[in-house]
Amino acid sequence: MQFKTTRGEGQPVSAARAICLGLAGDGGLFVPEQFPSVDLKEALGQPDYPALAAFILEKFLTDYDPAFLRETVRQVYGEAFGEGTAPLRKAGDGMYSLELWHGPTCAFKDFALQLMPRLLVEAKRMLGDTTTTAILVATSGDTGKAALAGYCDVPGVTITVFYPSHGTSEVQRLQMTTQQGENVAVYAVQGNFDDAQTGVKRVFGDADVAKQLAERGVQLSSANSINWGRLVPQIVYYFHAYSQLVRSGALKAGEKADFCVPTGNFGDILAGWYAKQMGLPVGRLICASNKNDVLTEFFATGVYNARRPFYRTTSPSMDILVSSNLERLLYHMAGPEKVKGWMKQLFETGSYEVEPEVMERICADFSAACADDATASAQIRSLFEKEGYLCDPHTAVAFSAAVRNKGEAPMVVLSTASPFKFPKDVLAALGQPLPEDEFEAMAALAQYAGQPAPQALAVLRSLPERFDKTIRPESLRDVVLGE
Ligand SMILES: *Cc1c(COP(=O)(O)O)cnc(C)c1O
C-alpha cells in the first residue's frame, strides 16, 4: 500500500515514510492510494481487540512485518488499556456509548498515541534513518498528554508540547506539566488552540528551521492527527464497536449502525468513514460540534468559513476553527486539484466554498449538528438521571447530536474522554455543589456518581509540576531551535 498526498504533488510513499514525514512536502496530508476491502465475517471473527487491530493495520501498513504488528498491538492494547479496551455501553433505547478512554491518559487519543511511537521507531529502523526525531505537538488539551505518555523516553525521539494558556481544563494542564521523562518539554502558548497550532505549523513550514536542525541531525515530525499513523489505529474501534453490537444481538451482521462523533480536527470521524469504505456497514456518520460550529455550517451550506469568533467551551478538545483532516475527505470526494484551490483560498481568505455536487456526495454519508455548553450540560444531567450513564462534556455534545439524528439503526456515540477529566463542569451539570478545588470536585463526582475516578487522574494531585513556562506564539521558533 502506497500513500499519496491530498495536494497531488510528488511520488507516492510507503507507510513507513508517510509516518516519518507526518506532513507531505507539498503541505498536503497523506492518504492511502486505495481502500483495502475487508471481509466482514473475518473481521467479526477476530477473537479480541489486539487481533482485530493487527488484522486492520496489516492492510494499510504493508511494508511492516506482520509479526511486528501483531506483537506490538498486543503490547499496546492488551496491557496499557483496561476494561476490555473499548467497551460498548448501553445508554438508552438503541443508543450506545463506545468508551474510548480506558487507556493510560483517559482520552481516546491513547488509541493512536500509544501505538504511533512504536510505528515511528520501526519505520526509522526500516528506512535506516538515524536522525533524532523532534516531535512538535500543538494541543487543545488531550493530544498533548497522550503524546507525552506515548513518546516518553522513546529512543531517538524528543517531544515538545505547546498548549494554549487559555483553553485546557486544570486536570488536563496538570497531566501535561507533571509529565516525567528525559526527552519531554511542555510550554503554555499565549492565546487559544489555533494560535498554538498556527505557531507549530509555521515552524514546520520554515525551511531555515529545517536546515538548522538538519545540521544537528534532527528532523521535525508531528504527532497531531495530520499524521497517517494517528488515523489508522482509529479505524479499528469502529469495527470493534460493530462487532460488539452483533455479539450482543443488537443487530445482525450486515445491518447498518450509525455513529456520532464529537469532532474537532475531523480525525476520529474520518476514521469511521474509512471503515465504511473498507466495507463496514456504517449508516450515517454524525459530526457533532460545540459552539465552534464551523463544520455544522459547512455540512449545511458547503461554505467553510474559519473567519468567525472563537469560543472557549466546556469541550476544549473541540474548540477548533480549522479542522485539518477535512482536507482528506475533500480529497477523496473531489481530488487533489480542487483541494489545492480550496486550501489556498482558506490560507488567503479564511474561507472556501465547495460546489453542490461535491456536497451532495459528502452528505450521502455525513450529517452534522452542534450543541452549546448549556445544551451539553443538560444532556449530561438527563443521561445520568434517566439512564444512569455518566459522560464528559465532549461526549455530551455528541449525545445531544445523536438524539436529534437517531433513526432506525442503532446509534453508537464515541465517548472520547473520562468525565473525571472535567470534574467541575460535570458536577455543575449534575446540579451538585461545586468545591473550589479541582481534586475535591473529582472526589465529589466519584461519590455522587458511585464510580471511582481513574487512578491516573486522582494521582495528579500529588505529583510535582515540572514545566511552568508561558511563551508567545512568535517565540515558538526560538524554543524549537533552543535559542
Ligand atoms: C481530540 C478530541 C476530540 C476531537 O477529535 P478529532 O479527531 O480532533 O475530531 C473530541 N473529544 C476529545 C475528548 C478529544 O480529546
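Side chains included, hydrogens not; waters and symmetry mates left out as well; all remaining heavy atoms used.
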Would you say Asp392 and Thr395 are linked by a side-chain donor-acceptor pair, where the criterion is simply a distance under 3.5 Å? yes

Can we say Glu71 and Arg118 salt-bridge, meaning some charged N sits less than 4.0 Å from an Asp/Glu carboxylate O? no

Holding to side chain to side chain contact (heavy atoms under 4.5 Å, CB included), I want the full list of residues that pass it with Cys20, two or more places apart in sequence or in another chain. Leu120, Ala123, Lys124, Leu127

Return each pair, listed once, that meets salt bridge (charged side-chain N to carboxylate O under 4.0 Å, His left out) where at least one residue sits in residues 315-329; pairs must be two or more places apart or across chains. Arg7-Glu327

Using salt bridge (Lys or Arg N to Asp or Glu O under 4.0 Å) as the criterion, list what pairs up with Lys109, not counting sequence neighbours. none

Is it the case that the side chain of Asn290 and the backbone of Ser315 share a donor-acceptor pair, with hydrogens and angles ignored and the cut-off at 3.5 Å? yes

Hey, what's the ring geometry for Tyr237 with Phe111, parallel, tilted or perpendicular (30° and 60° as the breaks)? perpendicular

Contacts of Ala275 meeting side chain to side chain contact (heavy atoms under 4.5 Å, CB included) (sequence neighbours excluded), chain-then-number -> Ile235, Tyr238, Phe239, Leu280

Mind checking what makes side chain to side chain contact (heavy atoms under 4.5 Å, CB included) contact with Ala453, not counting sequence neighbours? Phe420, Met442

So that I can tick it off, tell me whether Asp208 and Arg477 are bridged by a salt bridge, with the cut-off set at under 4.0 angstrom between side-chain N and carboxylate O. yes

Could you give all pairs that pass the ring pair (Phe, Tyr, Trp, His ring centres under 6.0 Å) test and reach residues 203-233, with sequence neighbours left out? Phe3-Trp228, Phe60-Trp228, Trp228-Tyr274

Arg308 and Glu297 ion-paired at < 4.0 Å: yes

Could you verify whether a donor N or O on one side chain and an acceptor N or O on the other, from Ser222 and Asn227, lie under 3.5 Å apart? no

